[in-house]
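Please read the structure below before turning to the comments.
Numbers for residues simply follow the sequence, beginning at 1. Values below: every heavy atom of this structure, side chains too, minus hydrogens, waters and symmetry copies. Since we're looking at a predicted model, the values are computed, not measured.
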Amino acid sequence: MTDKTDYRATLNLPDTPFPMRGDLPKREPGWVREWEEKGLYKKLRAARCQHEKFVLHDGPPYANGQIHMGHAVNKILKDMIVKARQLKGLDAAYIPGWDCHGLPIENAIEKKFGRNLPRDEMQAKSRAFATEQIGIQMADFKRLGVLGDWDHPYRTMDFVNEAEEIRAFKRVIERGFVYRGLKPVYWCFDCGSSLAEFEIEYADKKSQTLDVGFKSAEPDKLAAAFGVAPSTKDAFVVIWTTTAWTIPANQALNLNPELEYSLVDTEKGLLVLAASLVGRCLERYKLEGQVLATVKGEKLAGLSFQHPLYDVDPGYRRLSPVYLADYATAEDGTGIVHSSPAYGLDDFNSCVSHGLAYDDILNPVQGHGAYAPDFALFGGLNIWKAVPQIIDALRHAHRLFATEGITHSYPHCWRHKSPVIYRAAAQWFVRMDEGEGVFTKDKAPQTLRQMALAAIEETSFYPENGKARLRDMIAGRPDWCISRQRSWGVPLPFFLHKDSNDLHPKTMEILDVAAIMVEQGGIEAWSKASTEEILAKVGAAADAPHYTKSADILEVWFDSGTTHTTVLKRSHAGAAHEHGPEADLYLEGHDQHRGWFHSSLLTACAMYGRAPYRGLLTHGFTVDAQGRKMSKSQGNGVDPQETTQKLGAEIIRLWVAASDYSGDIAGDDKILARVVDAYRRIRNTLRFLLANTSDFDPAKDAVPLADMLEIDRYALSRAAQFQEEVLAHYEVYEFHPVVAKLQVYCSEDLGAFYLDVLKDRLYTTAPKSLARRSAQTALWNITHAMLRWMAPFLSFTAEEAWRIFGSSESIFLETYAEIGGPDAALIEKWTRIRAAREMVNKEIESLREAGKVGSSLQANVAVTVPMQTHGELWNALASLGEDLKFVFITSRAAVVAGESMKVDVTPSESQKCERCWHWRDDVGSDPAHPTICGRCVSNLFGTGETRTCA
């Protein structure tokens with residue numbers, strides 16, 4: 001060699017085919033295709049066959065429309081959890097599913113083909129529509145890198161699942177929970193059907209409050225009840241309401257038996273009002289008044305009052321009796337509640353308990369939202385549009401004492417966002433408390449409410465506050481209305497007697513027949529079969545003329561709520577745990593406490609007396625940076641398809657993993673840009689690891705732990721410590737701490753320290769030297785561990801790197817790396833050394849800013865350590881000997897004893913080695929190599945330098 005030798009060519013410079021740029025949008029589709037073509041999911045199942053199961057049951061998204069970012073968050077979270085459990089060594093199957101029946105699909109069909117389609121046509125078009133939508137959504141979920149049994153997903157509309165749902169329903173009947181009753185239920189005019197409690201959300205609504213007078217039909221009895229002399233003035237009970245449309249259907253008045261009521265003399269007559277509200281009411285009515293007497297509500301029971309429109313139209317010539325009810329309070333209004341029993345649950349219960357027959361309950365509001373055509377004064381009018389006319393009629397009748405507009409919280413349909421009402425209808429219910437069901441033969445030992453509340457106590461919640469939320473909902477919920485008046489859904493396979501409305505005595509046999517028919521031909525087979533055909537199958541053909549085939553369907557929450565048995569135990573048998581709850585985990589948005597979590601809990605408790613899950617995990621909604629829920633209408637949504645094409649699905653995955661899903665998940669272009677930066681840092685670190693192990697064969701080159709340099713043993717120990725943290729987070733389904741810590745690990749533990757220190761040894765020592773192979777042994781083990789840490793969320797990148805680095809077909813066939821346990825003493829020692837290094841770097845930086853040194857290698861450092869107070873630091877630094885300079889990345893370094901801690905940095909006066917860039921006195925000591933130092937000469941041509949620690 002001559003002094004013109006290119007010494008750069010003698011360095012062990014890293015090289016790898018793993019590119020610096022991810023180019024994710026272009027590369028990711030190739031991985032999706034390869035996973036599918038090579039049947040990776042089947043290989044994952046084969047690799048974990050006979051291993052302990054982990055069951056995450058997929059809550060089915062609705063088969064309607066392209067996926068949005070909320071779908072992406074949900075599916076990616078599930079995928080990360082399943083992959084983390086797979087890497088743990090568990091048999092973590094993932095069976096994706098879809099909710100296929102129900103109103104939104106019917107609405108889509110009606111928009112396209114018109115209303116009032118024949119039932120058969122509606123079902124056929126709905127099935128085709130759902131199938132098409134599933135195909136669209138499935139492609140998007142695969143593109144996100146979600147691994148699952150996409151060849152065999154479950155669909156609630158699959159014949160076997162429809163049939164098993166009927167069998168599940170039969171089991172709920174056998175346990176004594178199903179009954180038919182007339183009861184007010186939530187009713188949506190847009191749906192044209194009843195709604196379950198889960199399908200209600202609350203939003204602000206503008207309404208008119210009304211104070212309305214009911215004239216006494218028995219003034220003498222009223223006076224006697226108050227203990228005053230009869231008066232020639234008219235007397236009125238005054239009610240307050242926010243639902244003017246219910247006044248025409250009034251049938252009673254409710255007073256609290258323990259509340260005090262006053263008889264007040266005013267210029268408009270004698271008014272009965274809650275004693276504590278007299279002042280506020282008179283102010284509202286702009287009246288002066290004198291209290292004549294006060295009595296408890298129980299004294300007024302049974303008194304009768306005329307309907308406010310009694311004198312306006314013969315259709316209202318009826319009396320409203322006073323009933324006593326605790327739900328009448330003096331919190332607001334007048335302390336008196338008017339009762340339209342068809343339109344309020346409390347009103348209904350009060351009137352029925354006081355003897356009002358079901359047949360006598362007025363129910364003029366039709367399913368589409370208008371009063372019946374023959375209803376007095378307001379026939380044919382939509383109830384919301386009728387309100388001004390009702391107010392005018394009351395005013396002209398001199399029964400309106402006050403009215404004003406308010407905005408209040410009101411129940412709305414969560415599909416249509418339109419206001420709903422309570423409406424009495426004959427429906428099928430699942431009973432929450434004591435009572436008799438139909439065809440009970442294996443009565444449950446406890447009520448459904450008791451079993452559900454007990455099951456909640458046995459369930460783990462992530463986050464923990466979900467427990468109180470679900471418990472409160474179960475504790476206070478009414479009976480579950482499970483019937484719907486629609487076409488696209490699993491039938492309620494009942495036959496009702498035309499006169500008595502009783503179920504056919506062979507109902508349980510009919511349910512079995514229905515299940516067989518549906519399993520063979522879907523719900524369409526049941527719909528097309530006549531009453532005669534079906535009853536003939538149970539030997540009751542002669543009964544056909546006397547029975548009507550029910551046209552109701554089971555509500556869609558019963559569909560998804562029974563998938564713990566219809567799917568996990570039937571259509572995908574073997575996918576559930578054999579004993580105890582079927583699934584380890586249900587995971588959905590926090591709104592599912594009143595949805596899928598809720599209905600699944602009730603059905604499982606009704607069938608088996610326990611929950612179907614061991615744990616419930618909830619995540620928040622996707623919102624923009626200002627906390628507003630993402631919405632296409634507001635233009636603040638982040639589209640997963642667009643983001644995937646622009647940045648790659650890996651960025652969405654990393655964003656989801658980095659977000660604290662226990663609250664709402666914020667995302668916009670700026671947030672995603674920060675995620676891209678984080679991805680680059682992780683990828684660059686990974687690339688360094690891959691490049692510097694490219695010529696390392698562990699079978700031949702690995703150095704035993706005892707022979708490794710101390711800093712390498714520390715790096716492995718720190719990696720082992722970090723792995724313990726990662727796996728602890730994964731055990732409780734936490735990802736954002738892992739992402740945050742991984743970024744710090746890559747940038748600080750590796751990039752800013754270990755890899756920084758290592759470069760000199762990796763690049764300048766002999767390729768096969770102990771010093772270099774020791775470093776590579778550590779890097780090889782760290783890379784193995786790191787790829788597994790990141791695989792659950794950076795799935796594409798981990799797989800891409802594994803193709804270069806690993807030996808098996810896929811990273812997901814592996815388990816977490818075995819890298820030993822952390823050495824606490826070693827970690828403690830090197831934590832002190834790293835702190836001292838930070839002090840040194842700070843002083844070097846000061847000289848660099850002053851222009852006195854260039855790189856840190858131009859500096860000579862002396863660290864003064866007071867041994868009495870910092871003896872452990874002294875020992876740690878001193879133990880490194882000559883290798884201390886490599887840790888500080890300086891040309892010289894020494895540790896000296898002194899009175900106080902300080903760092904002295906001076907510029908080196910030596911020459912710079914052309915090859916290693918260290919400033920050393922022995923540069924040019926070999927005349928054959930005048931531009932390089934003695935250690936580089938030794939590393940190139942001699943025995944090589946000796947490293948002990950770093």
Side-chain angles (χ1 to χ4, degrees), residues 685 688-689 692 703-726 741-762 765 770-786 789 817 819-844 856 859 861-867 869-890 892-897 901 903 946-950:
T685 302
F688 182 95
L689 296 173
N692 282 283
V703 177
L705 183 65
D707 297 336
M708 293 173 66
L709 271 63
E710 185 175 301
I711 193 173
D712 299 330
R713 287 188 280 114
Y714 161 71
L716 280 180
S717 196
R718 175 69 187 103
Q721 182 186 49
F722 186 70
Q723 177 158 290
E724 287 185 352
E725 295 176 21
V726 168
K741 291 179 179 181
L742 182 61
Q743 291 183 73
V744 172
Y745 180 76
C746 287
S747 62
E748 296 183 13
D749 286 88
L750 295 181
F753 178 65
Y754 181 58
L755 303 184
D756 198 27
V757 172
L758 217 57
K759 288 174 184 176
D760 180 85
R761 181 154 43 110
L762 285 170
T765 59
L770 172 66
R772 186 165 182 268
R773 292 307 193 197
S774 173
Q776 287 183 307
T777 301
L779 294 182
W780 186 85
N781 281 282
I782 290 170
T783 306
H784 266 287
M786 183 171 164
W789 301 335
I819 53 175
D823 182 331
L826 195 60
I827 290 174
E828 185 178 0
K829 173 183 176 179
W830 280 88
T831 299
R832 292 192 180 94
I833 293 171
R834 289 178 63 177
R837 185 175 185 267
E838 289 298 314
M839 293 169 54
V840 170
N841 285 342
K842 186 176 181 181
E843 293 300 320
I844 292 174
S856 63
V861 174
V863 180
T864 302
V865 179
M867 293 184 62
T869 57
H870 293 75
E872 291 176 328
L873 176 60
W874 164 269
N875 292 334
L877 295 177
S879 72
L880 301 182
E882 285 297 314
D883 284 3
L884 180 60
K885 63 179 177 291
F886 296 120
V887 174
F888 289 163
I889 312 182
T890 57
R892 288 182 187 174
V895 56
V896 296
M901 181 78 69
V903 176
T946 300
R947 298 282 190 106
T948 57
C949 297

ring-ring contact (aromatic ring centres under 6.0 Å, His included) partners for W789, two or more places apart: F722, Y745
Only counting residues at least two apart or in another chain, list the ones meeting side chain to side chain donor-acceptor pair (under 3.5 Å) with S879. K829
For S717 and G821, the nearest pair of non-hydrogen atoms, with its separation, is OG-O, 4.3 Å
Residue pair N692 / Q776, side-chain heavy-atom distance below 4.5 Å: no
So L884 and I833, do their side chains get closer than 4.5 Å, heavy atoms only? no
Could you tell me which residues satisfy side chain to side chain donor-acceptor pair (under 3.5 Å) with R713, sequence neighbours excluded, listed by chain and number? none
Could I get the full list of side chain to side chain donor-acceptor pair (under 3.5 Å) partners for T777, not counting sequence neighbours? none
For the CG atom of L770 and the CE atom of M708, what is their distance to the nearest 0.5 Å? 9.5 Å
Looking at R837 and F888, what are the two nearest heavy atoms and their distance? CA-CE2, 3.8 Å
Going from CD on E828 to OG1 on T831, what distance comes out if it is rounded to the nearest 0.5 angstrom? 7.5 Å
Which donor-acceptor pairs under 3.5 Å do the side chains of residues 869-876 make with protein atoms, sequence neighbours left out?
from : atom 1 : to   : atom 2 : distance (Å)
E872 : OE1    : R832 : NH2    : 2.5
N875 : ND2    : G871 : O      : 3.3

Supply the atom-to-atom distance L762 CG to R773 CZ, rounded to the nearest 0.5 angstrom. 10.5 Å
Do the non-hydrogen side-chain atoms of I889 and D756 ever get within less than 4.5 Å of each other? yes
State whether the number of non-hydrogen atoms from other residues, nucleotides or ligands found under 6.0 Å of E843 atom CD is greater than 12. yes
Between D712 and R761, does any NZ, NE, NH1 or NH2 come within less than 4.0 Å of an OD or OE carboxylate oxygen? yes
By ring-ring contact (aromatic ring centres under 6.0 Å, His included), F886 pairs with (sequence neighbours left out) H918
Minimal heavy-atom distance between I819 and N781, with the atoms involved, is CG2-O, 4.0 Å
Which atoms form the tightest heavy-atom contact between A950 and I711, and what is the distance? CA-CG2, 3.7 Å
Evaluate the criterion side-chain contact (heavy atoms from CB on, under 4.5 Å) for residue pair T948 and E710; output intermediate values, then yes/no. CA-CA 7 Å; T948 57; E710 185 175 301; over 6 Å; no
Hey, does V903 have a side-chain heavy atom less than 4.5 Å from the side chain of T864? no
Is there a side-chain contact between V887 and L880, using heavy atoms and a 4.5 Å cut-off? yes
Before accepting this row, confirm whether a basic side-chain N of the pair D760/R947 lies closer than 4.0 Å to the acidic partner's carboxylate O. yes
What distance separates K885 NZ from D883 CG, expressed to the nearest 0.5 Å? 6.5 Å
Checking side-chain contact (heavy atoms from CB on, under 4.5 Å) for the pair L877/V863: CA distance, chi angles, key distance, verdict? CA-CA 9 Å; L877 295 177; V863 180; 4.2 Å; yes
Would you please classify the geometry between the Y714 ring and the W830 ring as parallel, tilted or perpendicular, with 30° and 60° separating the classes? parallel
Locate the shortest heavy-atom distance separating S774 from V703; write the atom from each residue and the value. N-CG2, 3.6 Å
Considering non-hydrogen atoms only, spot the tightest contact between L709 and C949 and give its length. CB-O, 3.6 Å
Residues Y754 and R834: side-chain donor-acceptor under 3.5 angstrom: no
From T685 atom OG1 to Q743 atom CD, the distance as rounded to the nearest 0.5 Å: 10.0 Å
Is any side-chain heavy atom of R718 closer than 4.5 Å to one of P822? no
